[in-house]
Amino acid sequence: MITVYNTLTQRKETLQPIEPGKIRLYVCGITVYDYCHLGHARMLVAFDLIVRYLRYRGLDVTYVRNITDVDDKILKRAQEEGVLFSDITARYIKAMHADEQALAILPPDQEPRATEHIEQIVAMIETLVSKDFAYRADNGDVYFSVARCPDYGKLSKKNMDELLDGARIEVGELKKDPRDFVLWKASPDDGVGWDSPWGYGRPGWHIECSAMSTCALGNTFDIHGGGSDLKFPHHENEIAQSECATDSTFANVWLHNGPLRIDNEKMSKSLGNFFTIREVLKEHDAEAVRYLLVASQYRSPINYSLDSLEQAQKGLERFYHALKGLDIGNAKSLTNSRFEKAFQAAMDDDFNTPEAFAVLFDMVSEINRLKKTDPDMASQLGALLVRLADILGVLQSDAEEFLRRSGGDELDAEAIDALVAARDQARADKDWQKADEIRDQLTALNVVVEDGTGGSTWRIER
RNA sequence: GGCUAGGUGGCAGAGUGGUCAUGCAGCGGACUGCAACUCCGUUAACGCCGGUUCGAUUCCGACCCUAGCCUCCA
């Protein structure tokens, strides 16, 4: 039994698929006007983890994550660079896919784009207009009437009257009510746009998600996800549009991942603590970044710092030390292990990855103990560890290889091998002084030599 | 100001009405030519004040503090 925290009801609920054995999941993806940043990575990894776990538990998941490929920020960027907006989106979609691959994020089953769903978007707006939930303003914009939707605010727990107080009063207001939001934006004749019953224009941001999710998954689907900062207004507006248009519940469960902070501050361009995924991966090991992103529960804030990355690296090293030297490829697969049961219990409880990691660390202790007494069993446990860690998207590297690679700096492996071999010779000759001299040399290169029963191995110590 | 989520050992980060989270760091021991890794043992926490209770870090209430959202944002 899997329980998940539903933002809508503010409590943990048993996950009850609409269709037995199947989960239909929609997640708000990225607006492609720049390279993906760490906050995007947090969201992408959170839902990657959730999808992987649901599949591991035998659910047939249809994972849909959209791409917003028409939007004011994109148009602005295109204008600045003097290129087509589709050139901008093509560039950043490609970059996004590369970043995802680097962080072991599996692609969604469907990746619909707003520009490919103009027809469905227009159709949904037409429905809303015909049911009097939306109206056309004089300039060709179409707005949603928030006042017509009595339970507006149910996701973000906002009060309709307070929203009215807080709403910004705009000069030359086209809206009938300050809470109303745009469904269709009029475009200039020479701008990016599509023909519609209300004139030449382009979709508002919120409507595309309503149209695409409904199109891919039906009027009602199991889970809708996204970053917690999208709760209001984006997700609130999605619910309003969709439920008014279809007269059906939109999504049964809402899942929101927590924010990512940098050195305990909100990441923002103005604070100068803004990191793209590719910048970070130039300096740090991708697996350490992935580990950092799954080591906290998906709803908790994550603090990104050099220190937290180092902690992640240390954690991985403990795992890989345990895996080193095991014969995982030939190990018999373990079923019904108490470790796997504990792992499941942790993950069933709203994807409690910290507790799942505690189980994996217990396995490490057990493996290390068994290495001497029962190497065969140690390998079997090692294989199980790798299998379970795969759900979290970590520990899929070769142990030796991981311990040898140093995030960023390329050390000359052959030169190190030669030094290690020379030291082994000195040790064989019992020339301890020479052996120690070589160790000192290697230490200066941040290389730790480990003398095991099967010979000496080395690794990078940062 | 409103809404939401939090305040746990040196740090990160789970959880529970009364026995261990876990990782890193620390301390003692074993192993090692020296190390590293590892193992064994060990120290240490639950914002503040009340209440419920035989007993609360865990439940309830007040208070203090922090973060996010309330405007584009994963």
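So that the names make sense, note that chain A is the first sequence line, chain B the second, and so on, each numbered from 1. Atom set for the values below is all heavy atoms of this structure, side chains included, hydrogens, waters and symmetry mates excluded.
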Sugar-phosphate, base or nothing in reach of A/V449, heavy atoms under 4.0 Å: base

Phosphate-side-chain proximity, A/H321 and B/C37, N/O vs OP1/OP2 below 4.0 Å: no

Same-atom distance (C1') from B/A44 to B/U66, integer angstrom: 24 Å

Side chain of A/R318 - closest among B/A74, B/A36, B/G23: B/G23

Output a table of nitrogen or oxygen pairs between the protein and nucleotides 4-10 of chain B separated by less than 3.5 Å.
from : atom 1 : to    : atom 2 : distance (Å)
B/U4 : O3'    : A/Q10 : NE2    : 3.3

Working for side chain to side chain contact (heavy atoms under 4.5 Å, CB included), residues A/L260 and A/I262: CA-CA 7 Å; A/L260 180 128; A/I262 309 285; 3.8 Å; yes

Distance, P atom - from B/A14 to B/G7, rounded to whole angstrom: 9 Å

P gap between B/A30 and B/G18, integer Å: 38 Å

Counterpart residues, ring-ring contact (aromatic ring centres under 6.0 Å, His included), relative to A/F47 (two or more places apart): none

Flag, side chain of A/D48 to backbone of A/L106, donor-acceptor distance under 3.5 Å: yes

Sequence neighbours excluded - ring-ring contact (aromatic ring centres under 6.0 Å, His included) pairs with any residue from residues 362-388 of chain A: none

Separation of B/C24 C1' from A/L292 CG (nearest whole Å): 14 Å

Full working for side chain to side chain contact (heavy atoms under 4.5 Å, CB included) between A/S456 and A/R423: CA-CA 9 Å; A/S456 301; A/R423 179 172 166 279; 4.1 Å; yes

From B/G23, B/C11, B/A36, nucleotide with atom closest to A/V448 side chain: B/A36

Touch class at under 4.0 angstrom, heavy-atom based, for A/G39 against every strand present: base

For atom CG of A/L155 and atom P of B/C70, their distance in whole Å: 13 Å

Spacing of the C1' atoms in B/G23 and B/A35 (rounded, Å): 23 Å

Under 3.5 Å, sequence neighbours excluded: what are the donor-acceptor pairs made by side chains of residues 430-443 of chain A?
from   : atom 1 : to     : atom 2 : distance (Å)
A/D431 : OD1    : A/K434 : N      : 3.2
A/R439 : NH1    : A/V449 : O      : 3.3
A/T443 : OG1    : A/R439 : O      : 2.7

Backbone N/O of A/W254 and side chain of A/T7: donor-acceptor pair under 3.5 Å: yes

Over 12 foreign heavy atoms within 6.0 Å of NZ, A/K76: no

Which nucleotide in B/G68, B/G2, B/A74 has an atom nearest any side-chain atom of A/K266: B/G68

Residues which pass ring-ring contact (aromatic ring centres under 6.0 Å, His included) with A/Y5, listed by chain and number, not counting sequence neighbours: none

Touch class at under 4.0 angstrom, heavy-atom based, for A/G153 against every strand present: nothing

Donor on one side chain, acceptor on other, A/Y53 and A/D348, under 3.5 Å: yes

Touch class at under 4.0 angstrom, heavy-atom based, for A/H256 against every strand present: nothing

Atom C1', compared across B/G13 and B/A45: separation rounded to whole Å: 12 Å

Inter- and intrachain pairs under side-chain hydrogen bond (donor to acceptor under 3.5 Å, both in side chains), touching residues 145-156 of chain A, at least two apart: A/D151-A/K154, A/Y152-A/N237, A/K154-A/E243, A/S156-A/E236

Whole-Å gap separating C1' (B/C70) and NE2 (A/H234): 17 Å

Ring center gap for A/H235 and A/H256 short of 6.0 angstrom: yes

Sugar-phosphate only, base, or nothing, as touched by A/L260 at under 4.0 Å among non-hydrogen atoms: base

Centroid-centroid under 6.0 Å between A/F181 and A/Y143 rings: no

Positions of residues 342-355 of chain A (non-hydrogen atom under 4.0 Å from RNA chain B), listed by number: A/N352, A/P354, A/E355

Listed partners of A/D263 passing salt bridge (charged side-chain N to carboxylate O under 4.0 Å, His left out), at least two apart: none

Backbone of A/N303 reached by a side-chain donor or acceptor of A/S308 within 3.5 Å: yes

Atom-to-atom span, CG of A/L403 to C1' of B/C37 - whole angstrom: 10 Å

Sugar-phosphate, base or nothing in reach of A/S308, heavy atoms under 4.0 Å: nothing

Nucleotide nearest A/F361 when distance is taken to its side chain, options B/G13, B/A36, B/U22: B/U22

Whole-Å distance separating the CG atom of A/N264 from the P atom of B/C65: 19 Å

Spacing of the C1' atoms in B/U52 and B/C59 (rounded, Å): 8 Å

Every protein N/O within reach of nucleotides 40-43 of chain B N/O, cut-off under 3.5 Å:
from  : atom 1 : to     : atom 2 : distance (Å)
B/C40 : OP1    : A/R369 : NH1    : 2.5

Listed nucleotide nearest any side-chain atom of A/K314, set B/C37, B/C69, B/C24: B/C24

Rounded distance (Å) that lies between atom C1' of B/A74 and atom OH of A/Y304: 17 Å

Distance in angstrom units between A/H40 NE2 and B/C72 C1', rounded: 11 Å

Pairing stems for RNA chain B [at least three consecutive pairs; Watson-Crick or G-U; under 3.5 angstrom]: B:1-7 with B:64-70, B:10-12 with B:22-24, B:26-30 with B:38-42, B:49-51 with B:59-61

Can you tabulate the close N/O pairs, meaning under 3.5 Å, that link protein atoms to atoms of nucleotides 31-33 of chain B?
from  : atom 1 : to     : atom 2 : distance (Å)
B/G33 : O6     : A/R423 : NH2    : 3.1
B/G33 : O6     : A/R427 : NE     : 3.3
B/G33 : N1     : A/D436 : OD1    : 3.0
B/G33 : N2     : A/D436 : OD1    : 2.8
B/G33 : N2     : A/D436 : OD2    : 2.5

Same-atom distance (C1') from B/G51 to B/G17, integer angstrom: 15 Å

Aromatic contact, A/F274 with A/H37 (centres under 6.0 Å): yes

Note: A/D362-A/R338 ion pair, threshold 4.0 Å (strictly below): no

ring-ring contact (aromatic ring centres under 6.0 Å, His included) against A/F361, all qualifying residues, sequence neighbours excluded: A/F319

Protein-nucleotide distance (A/F357, atom CZ; B/G15, atom C1'), rounded to Å: 17 Å

Whole-Å C1' distance, B/G9 and B/G15: 15 Å

N/O donor-acceptor pair under 3.5 Å between A/T89 side chain and A/S86 backbone: yes

